[in-house]
Amino acid sequence: MNRVTEAEIQSDVAAVGRIAAVPSILDVVCRMTGMGFAAVARVTGERWIACCVQDDIAFGLVPGGELKLESTICHEIRGHREPVVIDCVAEDPLYRDHHTPRQYGFQSYISVPVILPDGSFFGTLCAIDPKSRKLNSPEIIGAFKLFAEMIAFQLDAQQKLATSEASLVRERETAELREQFIAVLGHDLRNPLASIRAGTAMLVQHPERAPAIAALIDDSISRMAGLIDNVLDFARGRLGGGLTILRDGDEPIERTLLHVVRELQSTRPDRTITADFALSEPVSCDRGRMAQLLSNLLGNALTHGDDTKPVTVQATTRDGVFKLSVANSGAPIPEAALENLFQPFFRASVRPSQEGLGLGLYIASEIAKAHGGILSVRSTAEETRFTFRMPLRD
């Protein structure tokens with residue numbers, strides 16, 4: 001038998017509490033029988049918990065309150081799944097010596113099982129009173145059974161609704177993933193494609209520089225292939241809870257960072273990009289992902305920064321931390337936009353000449369998380385600086 005967890009118990013208590021008719025049912029039960037206490041109880045193999053209560057005799061139970069399971073008759077009802085009706089304990093041959101009425105001081109008792117449509121036992125609809133009451137009649141027993149069936153039906157309807165809503169959420173997540181998958185392809189492939197286009201134009205104008213330009217194009221093509229692999233991995237990561245990375249500290253990260261700077265510079269020859277690297281320690285990271293992160297940050301700075309001012313890229317290893325930052329001048333990011341800046345498809349402001357799907361910063365932040373690091377932003381009237389920090393050792 002599977003043990004019911006505390007979370008499941010609390011969920012069941014809350015589910016009964018959400019049935020608007022239950023307080024009215026308990027009130028009708030008390031009025032119809034003259035009894036002073038009525039409750040819907042969740043009864044498991046180990047616990048008896050009150051879900052909803054009407055207490056006119058100061059019995060002392062409130063929703064969420066518990067009785068020791070073995071001290072209740074509901075424990076027995078869970079086994080045989082039949083109603084128990086006692087008009088007068090003192091005159092009942094089965095229950096006059098039973099420990100439950102003696103412990104709780106009642107003379108009349110009625111309890112009907114609440115059986116869910118799938119056949120599982122939920123609990124009971126029960127009532128007690130210190131005085132004898134006339135309960136053993138077809139009308140009262142029939143009403144209790146009807147009320148128990150109504151409660152079971154409502155609980156089942158809630159469960160089905162929750163299942164449908166969960167399914168809808170999964171469908172929405174799948175649709176969002178599909179959109180992100182397509183959008184990431186268009187977003188992250190734009191930079192190397194632009195670099196290849198610029199390289200082919202340079203080949204026409206300067207054929208004598210063909211070897212160097214061909215090498216740049218080849219690097220961009222390789223990065224495009226890597227990006228396609230990354231996008232597929234990104235889709236799997238979203239379904240599985242995050243991006244995956246392959247760390248490698250054997251090769252210097254500086255060459256990867258410099259290539260991204262060259263790649264972006266070739267697409268924006270009108271802009272100045274300055275790079276300052278002080279990397280005295282090896283950096284164990286996924287170099288492809290790190291190139292993707294820098295490309296997104298640098299592309300963002302070139303797009304949104306002041307066209308007349310340089311963009312600065314800095315990378316350092318110091319005090320056990322790898323730090324990579326990109327800074328640009330220009331109008332500061334509005335305070336209200338900062339908290340949503342790393343959300344997918346979010347764009348704080350877009351001028352007519354600026355294109356973008358609002359994915360670059362989101363992807364960069366996910367890459368940072370995958371490396372156990374953090375991506376932060378500070379934006380003032382002087383500069384906007386995005387900084388990635390990652391411990392050099394796990």
Indicate yes or no for a side-chain donor-acceptor contact from [X] to the backbone of [Y] under 3.5 Å, with no hydrogens or angles considered.
X: Thr317; Y: Ser280; result: yes
X: Asn136; Y: Val85; result: no
X: Asp306; Y: Ser329; result: no
X: Glu66; Y: Arg47; result: no
X: Thr33; Y: Val29; result: yes
X: Asp55; Y: Gly60; result: yes
X: Ser167; Y: Thr163; result: no
X: Thr100; Y: Ser71; result: yes
X: Ser220; Y: Leu216; result: yes
X: Ser108; Y: Lys131; result: yes

Does atom [atom1] ([X]) have a neighbourhood of more than 12 heavy atoms from anything else shown, all under 6.0 Å?
X: Glu335; atom1: CD; answer: no
X: Arg81; atom1: CZ; answer: yes
X: Arg18; atom1: CZ; answer: yes
X: Leu246; atom1: CG; answer: no
X: Asp319; atom1: CG; answer: no

Minimum side-chain heavy-atom gap [X]-[Y] below 4.5 Å:
X: Met290; Y: Phe322; answer: yes
X: Thr256; Y: Glu254; answer: no
X: Asp129; Y: Gln107; answer: no
X: Leu125; Y: Leu26; answer: yes
X: Arg318; Y: Lys323; answer: no
X: Glu263; Y: Ser195; answer: yes

Lys68 and Glu70: CA distance, side-chain angles, deciding distance, salt bridge (charged side-chain N to carboxylate O under 4.0 Å, His left out) verdict: CA-CA 6 Å; Lys68 187 176 180 181; Glu70 292 75 12; 5.1 Å; no
Looking only at heavy atoms, what is the nearest atom pair of [X] and [Y], with distance?
X: Arg102; Y: Asp97; result: NH1-O, 3.3 Å
X: Leu69; Y: Gly45; result: CD2-O, 3.3 Å
X: Ala364; Y: Leu297; result: CB-CD2, 4.3 Å
X: Phe121; Y: Arg42; result: O-NH1, 3.6 Å
X: Ser284; Y: Arg247; result: O-NH1, 2.7 Å
X: Cys285; Y: Ile253; result: SG-CD1, 3.6 Å

Distance-only donor-acceptor check, side chains Thr5 and Glu8, under 3.5 Å: yes
Glu6 side chain to Gln10 side chain, donor-acceptor N/O pair below 3.5 angstrom: yes
Point-to-point distance, once rounded to the nearest 0.5 Å, from CZ of Arg31 to CG of Asp56: 9.0 Å
Arg287/Asp248 salt bridge by N-O under 4.0 Å criterion: yes
Check ion pair Arg133-Asp87 (N to O, under 4.0 angstrom): no
Plane angle bin for Phe37 and Phe59 - parallel if under 30°, tilted between 30 and 60°, otherwise perpendicular: tilted
Aromatic ring pairing Tyr95/His98, orientation class (parallel under 30°, perpendicular over 60°, tilted between): tilted
Centroid-centroid under 6.0 Å between Phe147 and Phe144 rings: no
Close aromatic pair by centroid cut-off 6.0 Å: Tyr362 and Phe342: no
Matching residue for Gln54 among Asp27, Val28, Ile25, Val22 - test: side-chain contact (heavy atoms from CB on, under 4.5 Å): Asp27
Residue pair Arg96, Asp92: steps toward the salt bridge (charged side-chain N to carboxylate O under 4.0 Å, His left out) verdict: CA-CA 5 Å; Arg96 61 189 172 197; Asp92 193 295; over 6 Å; no
